[in-house]
Amino acid sequence: MDDVTAILDHLNTAQREAVSAPQGNMLVLAGAGSGKTRVLVHRIAWLMQAEGLSPYAVLAVTFTNKAAREMRTRLEALLGLSLRNVWVGTFHSIAHRLLRTHWQDARLPQHFQIIDSDDQLRLIKRLLKDHRIDDERFPPRQVQSFISGCKEEGLRPHQVDAHGDAYMGQMVELYEHYQLTCERGGLVDFGELLLRSLELLRDTPALLAHYQERFAHVLVDEFQDTNTLQYAWLKLLSGMKTPMTVVGDDDQSIYGWRGARVENIRRFEQEFRDTRTVRLEQNYRSTSAILDAANALISHNTSRMGKELWTAGSRGEPISVYAGFNDLDEARFIVDTIREKVNEGHTRREIAILYRSNAQSRVLEETLIRQGVPYRIYGGQRFYERLEIKNALAYLRLLLNRDDDASLERVINVPARGIGTRTVELLRERARHTGVSLWQALHDGLGDASLRGRAGTAVKAFADLIERLDNDTAGLALHEIIDHVNEVSGLVEHHRSEKGEKGQARVENLEELVTAARAFTQGEALDPPVAGEGAVALEGFLAEAALNAGDHEADDFEDCVQLMTLHSAKGLEFPVVFIAGVEEGLFPHRMSIEEPGRLEEERRLCYVGLTRAMRKLYLTHAELRRLHGKETFQRPSRFLRELPDEHLEEVRLRGQISRPVTASRPAVGLSRQTSVNGGGDLPSLSLGQRVHHPVFGEGVILNAEGEGERARVQVSFEGEGDKWLVLGFAKLTPL
DNA sequence: TTTACATTGATTTTT
DNA sequence: TCAATGTAAA
């Protein structure tokens with residue numbers, strides 16, 4: 001402890017204040033790129049070294065595994081030691097840990113399983129079928145979000161007031177049934193992890209006292225994303241006595257639609273006495289042009305905590321705004337610009353294309369492919385969410401818990417073994433009548449011979465298979481168990497015989513699962529509540545798979561342009577950023593335009609997008625866009641108008657094209673000429689239209705200029721690239 | 001049990 | 001437009 005002040009080196013004043021503040025409640029309003037994680041990590045180091053807290057006494061909570069991992073890694077690097085005792089984890093992983101440790105007090109079966117939202121949805125669909133409830137009136141997704149919503153508000157079925165409304169009443173009833181099904185199967189969903197652990201602490205005073213005693217300081221990351229339940233959980237755990245450091249940014253709250261409550265920031269200031277508030281406003285990421293634009297945009301929101309980003313760096317290049325004729329033209333501009341950037345020496349991974357909704361990626365991808373630019377989409381399906389992996393996991397779960405109906409149903413006929421819907425229906429019926437699990441019903445059916453014949457044999461074979469797998473794997477190491485299950489269950493063979501490359505990839509994924517298991521036992525796991533052998537390790541592995549479904553990032557050996565939604569870009573930064581589709585109805589999205597609150601969230605999303613850019617930012621929009629198969633006229637987003645003129649620059653097409661540009665204000669010019677009528681007997685063409693040329697073959701019209709005989713169009717031909725053709729000469733046939 | 005065809009509906013997504 | 005469903009037919 002010779003020199004604790006070293007922890008404060010290279011920090012700015014505000015950061016230093018936050019890091020070294022005396023223990024007490026503190027709210028750190030950390031702007032984008034202001035060194036938030038740095039402060040959090042240094043704060044923990046400070047608490048340990050200057051305040052003398054034991055690593056054991058610190059609890060740090062994040063939202064994502066990635067953030068937790070980063071915090072731990074950086075902390076270890078800073079302190080130069082391994083910190084196995086510090087509790088750094090996501091809300092869910094910490095709740096899970098509590099429940100595993102105190103399963104009896106939590107009134108859970110020892111081997112309870114965690115289900116992800118996919119499992120949850122399946123379970124709900126099943127429930128609706130079983131209860132003959134019209135899934136038109138009660139769409140499974142809606143039921144799911146109702147149930148999750150209740151849990152996030154900390155409400156059990158009996159606490160939900162339907163106000164005598166029949167529809168709500170039905171929802172509540174479904175919630176109740178759902179809960180019962182979970183209890184019977186020993187299943188715990190994400191919301192349940194939190195709610196159950198809150199109840200555990202609340203109802204077991206000795207335990208609560210123990211943890212309140214133990215934790216001397218609680219730190220929370222991304223506080224603006226906490227929901228009601230998480231807030232209550234923190235409040236309970238701290239007992240309003242344990243000092244807390246919470247870090248967040250109200251301007252970056254973009255998950256309100258998922259239950260996050262920005263108000264929690266204000267609430268914290270009010271409810272937790274003597275809260276010191278520190279603002280981190282110096283930005284180390286972007287140019288001042290970008291920051292000015294972001295500040296200007298976000299100032300259109302009301303009831304902010306107040307914060308303005310600044311930088312000691314230079315103004316940098318202006319923000320480029322490009323108005324494309326249509327989505328193809330927009331994509332072409334983006335890809336052309338990327339190619340220029342790469343020629344100038346940028347690597348592709350330094351460049352990101354952000355968009356509001358996933359559907360926008362298609363046109364971009366096609367253009368990237370056509371021009372041979374490698375790209376990667378961030379946020380696709382993750383490892384543990386893949387079908388073949390979920391199937392394998394379902395077998396594994398059955399080994400631990402035969403009463404897991406969801407898993408049983410998932411694999412009872414995968415690979416196909418002659419147990420059709422009819423038989424499963426029968427089993428379900430029986431299970432429901434006698435109030436037992438499917439596994440039990442299956443045995444009862446075999447016992448009293450109501451399951452006979454072909455179906456009976458098949459079911460018997462399945463039951464035997466599960467028992468055999470269980471016996472055969474007793475005493476094996478985790479990865480051996482999984483390998484064995486993959487083979488003997490027939491899953492590997494099942495996928496091997498699948499046609500196409502798909503099957504091959506799936507077999508490889510199953511192999512990858514074995515590798516992941518091996519890594520897990522060797523201690524690479526982020527948060528193993530229990531390490532051990534065989535069944536114990538399996539339990540840990542399954543929990544890990546549910547809580548940490550794998551990374552979005554793929555192998556980055558190839559240098560790729562990054563494509564992602566604005567939501568998934570949060571927390572990341574790139575030297576060059578394109579935001580595509582900056583149009584009314586798309587961004588802000590039409591579903592969010594009416595309500596002021598939701599519109600403000602869209603604006604915050606835009607703010608998040610702008611602040612991802614380090615050096616150069618492009619905003620693009622199209623005047624005509626294919627949406628749901630229809631060509632739609634689009635107007636530039638209001639957000640463009642909210643940016644300061646002095647930092648904007650309209651991009652003009654490489655001098656080739658002169659076309660009317662409306663008014664002095666760039667980027668908000670409305671409809672331009674979007675179709676070319678050749679006049680006379682020339683064909684009538686429009687942008688984006690497919691045409692045929694006798695020499696070049698088929699292509700798409702990207703661009704146009706001029707009139708009459710001299711009119712020219714730019715056509716993108718497959719394999720031939722883009723060409724300008726004079727309508728009077730070229731024999732173009734519309735397709 | 002698989003395959004073909006119609007119907008539908010369509011933000012954002014960690015855990 | 002297109003992907004994900006559900007139904008009908010083989």
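Residue numbers begin at 1 in each chain, while the letters A, B, ... track the order of the sequences. Owing to the predicted nature of the structure, the values given are computational and were not obtained by experimental measurement.
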With a cut-off of less than 4.0 Å, is there a side-chain N or O of [X] near OP1 or OP2 of [N]?
X	N	result
A:R382	B:dT13	no
A:S568	B:dT13	yes
A:S117	B:dT14	no
A:N227	B:dT14	no
A:N65	B:dT14	no
A:N358	B:dT11	no

>> Please check this pair: side chain of A:S637 against backbone of A:F587, looking for a donor-acceptor N/O pair closer than 3.5 Å.
In response: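 Here the side-chain-to-backbone pair exists.
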>> Please check: side-chain N/O of A:N413 versus main-chain N/O of A:R417, any donor-acceptor pairing under 3.5 Å?
In response: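 Present.
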To the nearest Å, how far apart are [X] [atom1] and [N] [atom2]?
X	N	atom1	atom2	result
A:L627	B:dG9	CG	P	18 Å
A:K570	B:dT14	NZ	C1'	10 Å
A:H628	C:dA4	NE2	C1'	15 Å
A:D118	C:dA4	CG	P	13 Å
A:L99	B:dT15	CG	P	18 Å
A:L547	B:dT13	CG	P	20 Å
A:K630	C:dT1	NZ	C1'	10 Å
A:H589	B:dT13	NE2	P	12 Å

>> Less than 4.5 Å apart, side chain to side chain, heavy atoms only: is that true for A:Q179 and A:E192?
In response: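 Answer yes - side chains close enough.
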>> With hydrogens left out and only the distance checked, is there a donor-acceptor pair under 3.5 Å joining A:T90's side chain and the base of B:dT14?
In response: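 No such pair is found, so the answer is no.
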> What about A:R626, does its side chain sit under 3.5 Å from the base of C:dT1 through a donor-acceptor pair?
Replying inline: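 Such a pair does not exist between side chain and base.
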>> Closest-nucleotide mapping onto DNA chain B: is A:R417 or A:R590 further toward the 5' terminus? I mean the 5' end.
In response: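 Whichever sits nearer the 5' end wins; that is A:R417.
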> Hey, which of these two, A:F91 or A:G629, hits DNA chain B nearer its 5' end, going by closest nucleotide?
Replying inline: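 Result of the comparison: A:G629.
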> Is the count of non-hydrogen atoms from other residues, nucleotides or ligands lying under 6.0 Å from A:R141 atom CZ greater than 12?
Replying inline: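 Atom CZ in A:R141 is not crowded, with 12 or fewer foreign heavy atoms closer than 6.0 Å.
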Minimum-distance nucleotide (side-chain atoms of [X] versus [options]):
X	options	value
A:H567	B:dT15, B:dA10, B:dT13	B:dT13
A:N413	B:dT1, B:dT14, B:dT12	B:dT1
A:F63	B:dT15, B:dT14, B:dT12	B:dT14
A:R258	B:dT14, B:dT12, B:dT15	B:dT14
A:R362	B:dT12, B:dT15, C:dT1	C:dT1
A:A416	B:dT2, B:dT11, B:dT14	B:dT2

> Between A:R100 and A:F112, is NZ or CZ placed under 6.0 angstrom from the six-membered ring centre and within 45° of the ring axis?
Replying inline: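 Judged by the rule (NZ or CZ under 6.0 Å from the ring centre, within 45° of its axis), A:R100 counts as positioned above A:F112.
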> Less than 5.5 Å between centroids and less than 30° between ring planes, does A:W257 satisfy that with B:dT12?
Replying inline: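 Aromatic stack with B:dT12 present for A:W257.
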>> Check the orientation of A:Y255 and A:H567. Use parallel for under 30°, tilted for 30 to 60°, and perpendicular for over 60°.
In response: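 Ring orientation, 0 to 90° scale: tilted.
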>> With rounding to the closest Å, how many angstrom separate the C1' atoms on C:dT5 and B:dT12?
In response: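 Approximately 22 Å lies between the C1' atom of C:dT5 and that of B:dT12.
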> C:dA4 and B:dT13: how far apart are their P atoms, nearest whole angstrom?
Replying inline: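 It comes out at 15 Å once rounded to the nearest Å.
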> For A:E222 and A:Q224, does a side-chain donor sit closer than 3.5 Å to a side-chain acceptor?
Replying inline: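 Note: A:E222 and A:Q224 side chains meet the donor-acceptor criterion.
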> Base, sugar-phosphate, or nothing for A:D327, non-hydrogen atoms under 4.0 angstrom?
Replying inline: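 Touches nothing.
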> Which part of the nucleic acid does A:E602 contact within heavy-atom distance under 4.0 Å: base, sugar-phosphate only, or nothing?
Replying inline: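 Touches a base.
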